[in-house]
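Numbers here are sequence positions counted from 1. Here the structure is a predicted model, which means the values were calculated and not measured. In each ligand, atom 1 is the first atom listed, and ligand 1 is the first ligand listed.
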Amino acid sequence: MTRRSLPAIVALFASFILTLSHLFPVTTAAHPQDTAGNPSRPGAETKAERERRMKWWREARFGMFIHWGIYSVPAGEYKGQRSSQTGEWIMSWANIPRVDYEKFAAEFNPVKFNAAEWVSIAKAAGMKYIVITSKHHDGFSMFDSRISKYDIMDSTAYHKDPMKALAAEAKKQGLKFCFYYSIMDWHHPSQYVDAPGKEPTAGNNVTKMRDTDKQEYLKYMREQLRELVTTYDPAVLWFDGEWVDWWTEADGRDLYQYVRDLKPDIIINNRVGKGRKGMEGLNKNDQSYVGDFGTPEQQIPPRGLPGVDWESCMTMNDTWGFKSDDNKWKSSTTIVRNLIDIASKGGNYLLNVGPTSEGLIPQASVERLAEVGRWMKTNGEAIYATTASPFPAQLSFGRATSKPGRIYLHVFDWPADGKLRVPGWGKTVKKVYLLTGRTALKYKQDDKELSIDVPTKSPDAIASVIVIESGDK
Ligand code: H79
């Protein structure tokens, strides 16, 4: 055997690892198939293992996002100043120094908070999971963090941990409980603002990192995430604030791995790393990026993204965190149609509520969610566990979702002439019926299209679902 010097062996070993990492890139929202057959690599799993891990999430289709923090105290107004920007960003846009912003904590006392009520509102709307802010960009921990005094237990008049109550209640009512966690942190001493006219301790959209403090902040994050995962057993970790220049893809990969090691079947969004392509939220395609699903924000990708898991998060008005004067509510029709549109493109819908500092979900949200729930009660079958539309082009009258052997037509624009014309998709129809009441409908199918005889009046003004059962050919 030839003898090699130590550096040569190290170099050989390094190139071997490099080759391995090329052959087996880390799992990514853009290329979930990359992990197939790769059980040895950290964070990786076989395709079957991944399918099993993602199953509940893919079937759920609809979740509640909750932005709740001490920003609900100023509720969009600071010293008479208001902004078109969102409520949870007030520390940044009102340029509030840390020491002043901290005072909102003492005023935060959500005495009307009722975990059972919140979970019931989500459940009745047809939502299957809840994602709540454990720590937003403002750095305030909304859970009992033993390593921070800037948390709900130590700094507020409430002195209780609403996350414990919510986690327990979600479990009781059969919803998955999940956490949002911001990587950017406006309160942590490691980070500061360097922008003309801006307070160095108020936040902005690109905090700087004191290089000497980065390791300490990483340690802090990891410890908080360990607390979150081990105490509350979240089903998803939803990272955000990853776009700052001091956060790297390698940091993201390490953090992804760290969280998966804490809880192997947890699901983590793509904002843990640098993959996200702007607000489009889906991954860039120049390399493989870490994360299990893409995160379009306030938008629905026009054609979805076949083969990729994604979830559109959206507000019900124009803010995430509560703002007392934001009355720009979407109608329940818009909300339901967004859900349908997203499902027809193969994604999930994460719909936000911004509770008040008293602990109440705004009444306008509660009302709309109840209407969404009414629709979901009859039509949930056409949403849950469905996959994207089988039609190559978007239908003129609405959307479609599918399940094996079955298509659900979601009709937004009901035909005036009593005939719904559906373009062909290469299968023979066996049966057509209205989902409400399972009323059978007459139809004619030829090579080009399927023509369905429908009642004159639309059964549901929001969207009426027609089920098509077909054979395999
Ligand atoms: O928590 C809610 C918002 O507070 C948070 N995400 C949702 C879920 C949010 N943070 N920032 N924004 C929304 C808008 C910020 C956009 C930008 Fe960028 C950050 C523009 C430039 C840096 C990220 C990177 C988006 C485009 C490039």
(Q) Can you tell me which residue among Asn270, Asn283, Asn348 is in a side chain to side chain donor-acceptor pair (under 3.5 Å) with Thr295? (A) Asn270
Q) Counting each atom of ligand 1 from 1 as listed, which ones have a heavy atom of Arg276 under 4.0 Å away? A) 23 (C), 25 (C)
(Q) Pair Tyr220, His188 - check ring pair (Phe, Tyr, Trp, His ring centres under 6.0 Å), show working. (A) CA-CA 9 Å; Tyr220 173 79; His188 197 273; 5.0 Å; yes
**Q.** Under 3.5 Å: N/O of Asn205 near N/O of ligand 1
**A.** no
Q. For the residue pair Gly359 and Trp118, what are the closest heavy atoms and their distance?
A. O-NE1, 3.1 Å
Q.
Do the side chains of Arg226 and Glu223 get close enough for a salt bridge, i.e. N-O under 4.0 angstrom?
A. yes
Q.
Which residue and atom name correspond to the protein heavy atom nearest atom 26 (C) of ligand 1, and how close is it?
A. Gly278 CA, 3.8 Å
Q: Check Gly321 against Tyr71 and note the closest heavy-atom contact, atom names and distance.
A: CA-CE1, 3.8 Å
Q. With under 30° as parallel and over 60° as perpendicular, where do the rings of Trp89 and His137 fit, or are they tilted in between?
A. perpendicular
Q. What is the nearest protein non-hydrogen atom to atom 3 (C) of ligand 1, stated with its residue, atom name and distance?
A. Glu88 OE2, 3.3 Å
Q) What protein heavy atom is closest to atom 16 (C) of ligand 1, reported as residue, atom name and distance in Å? A) Met279 SD, 4.2 Å
Q) With a 4.0 Å cut-off on heavy atoms, does Asp240 reach ligand 1? A) yes
Q: Please check if a non-hydrogen protein atom sits closer than 4.0 Å to atom 1 (O) of ligand 1.
A: yes
Q: Looking only at distances, please establish whether an N/O atom of ligand 1 is found under 3.5 Å from an N/O atom of Trp320.
A: no
Q: Work out which heavy atom in Asp151 is nearest to a heavy atom in Ser145; give both atom names and the distance.
A: OD2-N, 2.8 Å
**Q.** Interfacing atoms of ligand 1 (cut-off 4.0 Å, heavy-atom, Tyr180)
**A.** 1 (O)
Q) So does Lys112 pair up with Glu358, basic N to acidic O under 4.0 Å? A) yes
**Q.** Heavy-atom nearest neighbour in the protein, as seen from atom 19 (C) of ligand 1, with distance rounded to 0.1 Å
**A.** Trp243 CE2, 3.4 Å
Q. Under 3.5 Å, N or O to N or O, is His67 touching ligand 1 that way?
A. yes
Q) Can the positive tip of Arg399 be found less than 6.0 Å from the middle of the six-membered ring of Phe412, inside 45° of the ring normal? A) no
Q.
Yes or no, since that's all I need: does a protein heavy atom fall within a distance strictly under 4.0 Å of atom 22 (C) of ligand 1?
A. yes
Q: If you have a sec, work out which protein heavy atom is nearest atom 7 (C) of ligand 1 and how many Å separate them, to one decimal?
A: Glu297 OE2, 3.2 Å
